[in-house]
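Here's the structure, in structure tokens; my notes come after.
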Amino acid sequence: MSSYGSDAHSSSHGGGDLHQLSGKGEPVSCGVEADYSEEDSGGEGGDVRVRGGRSAILLAMALCAVVVGANVGDSGHGGGGGSGGKAAEGTDVVTRLHQLGWSTGTSGIEAWPESETGVHEIAGTGDWGAQGPLAPNHDLTGSAAVLEQARLNDGTWYSDGVTLTKVSLEGFLQGRGYDTSAMFFPDQMVVSMDENLLEDQGELVHAGGFVAFSIAYFHIPTDFANASYTVVMHLNGTIHNVLVHTKDMCAVDGHQGSVPRIRALKLFSSTQLMLGTQCGMNSEELGPHLLWDFSDGNDRWDTFAGGQYRTSHDIEVLGDGMMVSPTTDHRDIEVFDMKTGERYFKYLVWNETIETWYPGGELAGTFAPDVNHCQLTDGKLLLSLRYCDTLMLVDWDKAASSIIDSIDGTKSTDDDGYGVTWFAGGPNSTYTQYKIDGSTLDAGQSSLFYGQHNPEIVKITDGYIYDIMMFDNGYSTIADTHYHDTSRLLMVRVNEKESYVKEMWAYNLSHYSPIYGDADMTPSSNVLANSWPETLTDTSAFDFQALLVVPKSNAMGGRIGWALRVYSDLEAHGCTGYPCTRNDGSRPMGWAGYSVERFFDKPIVDSVSCSDGKLEIKGIYDVSKWSTSQPGHVFVYEDSSTDRIKALDTDFTFSLYNEATEVTIDDSSILVDGLTVRVEVQNRFKQMHSLTTNCR
């Protein structure tokens, strides 16, 4: 078992109401995969989807063997580079299928053996060529059949229409004029999407918006990534833009250049992403913060915060040109100037945790408490103490008032509170910990979650109930032990008045991700997440995945509505078969990613109505989840006129954490029966959503 310290280095020894599950699993590569737990798997070769009963599953397994033995992958990209692995050698797919008695043609498999029932033909157009049935950007729609697991205890199988698309980073960059001959790329990137499910969930507004993620590749032993990219794409697999991470990004502040990997990834403006880089294999996981203009065709980036090496884990914008993030030693929190990097304020987390809990110095020399994430919202500071399997909430105003030296964080000697409100999880939890069934922790366990990443408050109710979404890695650094059956997506509730922290919902993955991972609530109350399997198996054969889960209401589990999976062959991991453990004790080998984000190109508005002199605008969401207040504006026009009815101008504040906002405008003298109005909802970036309604 590997020991992970502060994510990528070794230590001394990585919402709203939830919707009803309707029951469906997710397919992947390697011919066919059937996962009988929570996930589907992948492998090498083209994706083939089937559905039906047990006979169909057996057929799928047989076909998987055909595709794995076929030459369907990229064989390299020339020069000294190539893909992240090479294609399996063997007879091409069509020939092998002919040998097994299948009827095929240039457009794909035309007929399945008559003895098999419940299986549909595979749709496709054009020559498969060396790529197999998933040529670049080839969209398998229509009659493409799908092997799906119901995620229900009765084992029912469902078969809904799923679109399958292969994504090519190399093809995109070649189209932008890059010489890719010496660059590393995944063998395959496959997007699968259940359009009907996502449409029902309201996830496809504004063409589905964007998903942004970063992936880095380690293969050749070096002190830096062999390749690293940040990708912005639409849910249908269309790439909007790609940033190629280069050595000069790290060659600042007196440091040597190296290809960085990205940890923190957050929206900054309508066209800019903030990126937290890790340069080289420095144990502190430091690098400069970058600002990338991801608008179509741009590869412009620049450093901010003075170009100084800072923690790569998290960045939070406070407004007024200030930001907050963990300190470079992972022990504390600092507020600094976004432009210059000058520190304004420091909060000493170490003093209130490790120094207090371990007065004998047992954790001296480690990165404990390993503050890997922070969120300052509504006067509260939420901290993730990864090393301690703990969340910490601080009253920011009380903390600020008790500090007598803002630069080094020294607190008043007669103030023992320092703003600490509670600890949730871990052996020092302030409140009793309950599992989702209401029982307390099992013997030998000290927390509901272990080694957590990217925890965020998604809702605060009545000022004392906190719903928090996170990626629960299930790996404890202190114990050097895996807990739970797998890593999982987890929402817990902390109730200050009733003194408990409780699991509210969880989605178990079919693998462990000892480090990294993300889980965010979308405006539709679905969960966007990413993970990477530490050990590849024939049912979890992808290097990295991002996925949208439609949760089962008030229970465990859910249904995958969208997934992106990244593959490389086993040789890239130094393996010849499954299981394949793909880490060297400090980093994942092959492709992996830390964070994923979802955002839109304009605000979301669910409905507009006008009656009895009142204009009601419901279900308003900004383009991204924010932890700090964001201004919004409503402008009203008469029908198609360009003249604004200025008397109806209304300012409002978007609700936090992807919670819905409602605006009511009451003016019976203007909003009369028969009037047609056009309503524009605008955010601070001047992104606008327009709807029209008739007054009654």
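Count residues from 1 along the sequence.
Separation of atoms CE (Met323) and NZ (Lys266) is listed at 8.5 Å; rounding is to 0.5 Å. Within the model, atoms OH of Tyr500 and OH of Tyr434 stand 9.5 Å from one another, a figure rounded to the nearest 0.5 Å. A distance of 7.0 Å separates CD of Glu456 from CG of Asp518, quoted to the nearest 0.5 Å. To the nearest 0.5 angstrom, His633 atom NE2 is 6.5 Å from Lys686 atom NZ. Annotation: the span from Ile215 atom CD1 to Asn530 atom CG amounts to 11.0 Å, rounded to 0.5 Å. Rounding to the nearest 0.5 Å places CG of Asp378 at 8.5 Å from CD1 of Ile457.
Contact check for Thr277 versus Leu290: side-chain heavy atoms found under the 4.5 Å cut-off. Annotation: side chain of Phe367 is not in contact with side chain of Thr477 (no heavy-atom distance under 4.5 Å).
Separation of the Tyr217 and Trp591 ring centroids falls under the 6.0 Å cut-off. Ring pair Phe294/Phe599: centre-to-centre distance below 6.0 Å. Not less than 6.0 angstrom separates the ring centroid of Tyr229 from the ring centroid of His245. A centroid separation of less than 6.0 Å is found between the aromatic rings of Tyr594 and Tyr516.
Counted by atom type alone, Ser295 and Asp293 present one or more donor-acceptor pairs between their side chains at under 3.5 Å. With 3.5 Å as the limit, one finds no donor-acceptor pair spanning the side chains of Ser524 and Gln201. For the residue pair Gln375/Ser627, the side-chain donor-acceptor check at 3.5 Å is satisfied. Thr377 and Tyr657 share a side-chain donor-acceptor pair at under 3.5 Å.
Residue pairs that meet the salt bridge (Lys or Arg N to Asp or Glu O under 4.0 Å) test with at least one member in residues 202-217, sequence neighbours left out, are Glu203-Arg598.
Distance alone, capped at 3.5 Å, places no donor-acceptor pair between the Trp396 side chain and the Val394 backbone.
For Asp320, the CG atom counts as loosely surrounded, since its 6.0 Å shell holds 12 or fewer non-hydrogen atoms of other residues, nucleotides or ligands.
Under 4.0 Å is where a charged nitrogen must lie from a carboxylate oxygen, and between Asp472 and Arg488 at least one such pair does.
Note on ring orientation: taking the six-membered ring where Trp is involved, the planes of His313 and His373 are perpendicular (angle over 60°, cut-offs 30° and 60°). Ring orientation note: the planes of Trp422 and Tyr466 are nearly perpendicular, at an angle over 60° on the 30°/60° scale.
Considering every non-hydrogen atom in both Tyr621 and Asn658, the closest pair reads CE2-O, 3.4 Å. When all heavy atoms of Ser595 and Arg263 are compared, the closest pair comes out as OG-O, 3.0 Å. In terms of heavy-atom proximity, Ile436 sits nearest to Met504 at CD1-O, 3.5 Å. Nearest approach of Ile315 to Phe304, heavy atoms of both residues: CD1-CZ, 4.3 Å.
Considering Thr353, Val371, Thr366, Asn372 as possible partners of Tyr387, the one that fulfils the side chain to side chain contact (heavy atoms under 4.5 Å, CB included) test is Thr366. Among the candidates Thr661, Thr653, Asn683, the single residue satisfying the side-chain hydrogen bond (donor to acceptor under 3.5 Å, both in side chains) test with Asp622 is Asn683.
The side-chain contact (heavy atoms from CB on, under 4.5 Å) check on Thr356 picks up nothing, with sequence neighbours excluded.
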